[in-house]
Number of protein chains: 2
Amino acid sequence: MSAINESLTILMNLAKVQSIVSRRFDRLNMHGIGFTDFMILYFLNQSAGQSMRRIDLAEKAGITASGITRTLLPLEKIGLVGRETNGRDARVSYVILTEAGKQLFNNASGTANALATEIISAENAANNGMLFELLTQLGGNIN
Amino acid sequence: MSAINESLTILMNLAKVQSIVSRRFDRLNMHGIGFTDFMILYFLNQSAGQSMRRIDLAEKAGITASGITRTLLPLEKIGLVGRETNGRDARVSYVILTEAGKQLFNNASGTANALATEIISAENAANNGMLFELLTQLGGNIN
DNA sequence: GTATAATCATTGACTAATCAAGTATATGTC
DNA sequence: GACATATACTTGATTAGTCAATGATTATAC
């Protein structure tokens with residue numbers, strides 16, 4: 001009884017680490033946006049035409065369809081992202097990265113990189129490569 | 001510009017994976033409790049005397065002091081944990097695992113183990129060991 | 001021993017998400 | 001071409017936490 005296997009221990013550690021990390025990021029109050037917001041700007045910036053379907057953004061960030069609606073609302077309000085419809089499919093609405101959003105992302109990424117490096121010490125670069133691989137395996141490639 | 005380093009990529013992947021994993025666990029509606037609740041019962045069960053200070057529980061789970069207050073409230077209400085004061089230090093209040101809490105934990109751990117194993121395929125046990133090590137390094141030992 | 005600082009826990013106000021249900025549109029089947 | 005099913009997105013109600021402030025107690029410094 002109460003025999004917790006290694007997989008479950010890993011997932012509990014994952015939960016703990018993520019909780020600590022996201023709190024540290026949100027505490028930065030990185031240019032007024034949170035970590036999830038930052039990820040969204042990142043995905044948009046990476047994408048062709050700086051534009052993605054809302055559902056694809058949600059999938060990439062690991063949140064739900066309703067989650068993306070709720071998350072984008074304030075970003076739209078402050079003008080970091082815009083909205084565009086699809087002529088072929090009226091169900092779809094694209095999210096586009098505005099110039100302001102792009103600029104904020106470029107500024108914020110410096111701060112974010114620095115904190116990430118502080119958290120994941122660069123000492124053990126080999127291990128980091130492995131960690132990256134494993135998380136990618138679990139979550140699908142994020143790039 | 002927009003040069004995201006490996007550390008930050010790792011943290012974004014971490015966020016995504018954790019989001020997906022916790023949603024899967026919560027969706028189980030594991031005997032009426034969520035994943036954080038499960039972790040708390042686990043820590044209590046592990047501890048000497050099935051009893052811990054609230055602040056230590058919070059630290060171990062990676063949440064804040066107010067978070068533990070809020071999380072424990074419903075668990076107390078349904079009788080999975082109880083409360084005890086410390087004669088020597090009136091600031092402290094201990095959380096104790098009740099018999100009901102112990103029983104529920106024992107039942108839930110089967111379900112949780114199974115899902116964890118499903119998520120983290122046992123195929124690559126060596127990698128899992130590494131992942132465990134790395135997360136432990138990042139979050140402090142969870143055992 | 002008194003003042004100051006630190007620790008433990010809680011509360012009010014808030015945010016970031018969830019799910020379940022609903023709306024609108026598109027696609028496949030017959 | 002009508003009907004059933006699937007997809008994209010939004011909304012209402014709810015939950016799980018956060019932070020900042022506060023209360024209560026204990027420890028430290030002088």
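Here the structure is a predicted model, which means the values were calculated and not measured. Proteins come first, then strands; the chains are lettered A, B, ... in the order of their sequence lines, and each starts at number 1.
Expressed to the nearest 0.5 Å, how far CG of Leu41(B) lies from CD1 of Ile33(B) amounts to 5.0 Å. To the nearest 0.5 Å, atoms CG (Leu57(B)) and CD1 (Ile68(B)) are separated by 4.5 Å.
Side-chain nitrogen and oxygen atoms of Arg24(B) include none within less than 4.0 Å of the OP1 or OP2 phosphate oxygen of dT18(C). Regarding contacts with the backbone of dT10(D), every side-chain N or O of Arg91(A) stays at 4.0 angstrom or more from both OP1 and OP2. Contact between the side-chain N/O atoms of Arg88(B) and the OP1/OP2 oxygens of dT25(D) is not found at any separation under 4.0 Å.
As a whole-Å value, the separation of Asn86(B) CG from dC8(C) P is 11 Å. Between the CD1 atom of Ile55(B) and the P atom of dT10(C) there is a distance of 10 Å, rounded to whole Å. The distance from atom CG of Asn29(A) to atom P of dA16(C) is 10 Å, rounded to the nearest whole Å. At whole-Å resolution of the value, CG in Asp89(A) and P in dA6(D) are 17 Å apart. Rounded to whole Å, the distance from CG on Leu72(B) to C1' on dA9(C) is 11 Å. Rounded to an integer number of Å, the gap from Leu28(B) CG to dT18(C) C1' is 15 Å. Between Arg54(B) atom CZ and dT7(C) atom C1' there is a gap of 15 Å when expressed in whole angstrom units. Separating the CD atom of Glu59(A) from the P atom of dC9(D) is a distance of 13 Å, rounded to the nearest angstrom.
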Inset, instruction - Mind running ring pair (Phe, Tyr, Trp, His ring centres under 6.0 Å) on Phe38(B) and Phe25(B) for me, showing each step along the way? - result: CA-CA 10 Å; Phe38(B) 176 80; Phe25(B) 268 97; 7.5 Å; no
Inset, instruction - Show your reasoning for whether side-chain hydrogen bond (donor to acceptor under 3.5 Å, both in side chains) applies to Asn5(B) and Thr117(A). - result: CA-CA 8 Å; Asn5(B) 67 28; Thr117(A) 306; 3.0 Å; yes
Legend entry - Stepwise salt bridge (charged side-chain N to carboxylate O under 4.0 Å, His left out) test for Arg70(B) and Glu76(B): CA-CA 10 Å; Arg70(B) 297 248 137 92; Glu76(B) 260 181 280; over 6 Å; no
Inset, instruction - If a protein heavy atom is under 4.0 Å from the base, mark B; if only from the sugar-phosphate, S; if neither, -; do that for nucleotides 15-23 of chain D going 5' to 3'. - result: --BBBS---
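Under the rule for a side-chain hydrogen bond (donor to acceptor under 3.5 Å, both in side chains), Thr98(B) has no partner lying at least two apart in sequence or in another chain.
Contacts classified as salt bridge (Lys or Arg N to Asp or Glu O under 4.0 Å) and involving residues 19-48 of chain B (residues at least two apart or in different chains) are given here: Arg24(B)-Glu118(B).
With DNA chain C read from its 5' end, the first of the two nearest nucleotides for Arg53(B) and Leu73(B) is the one closest to Arg53(B).
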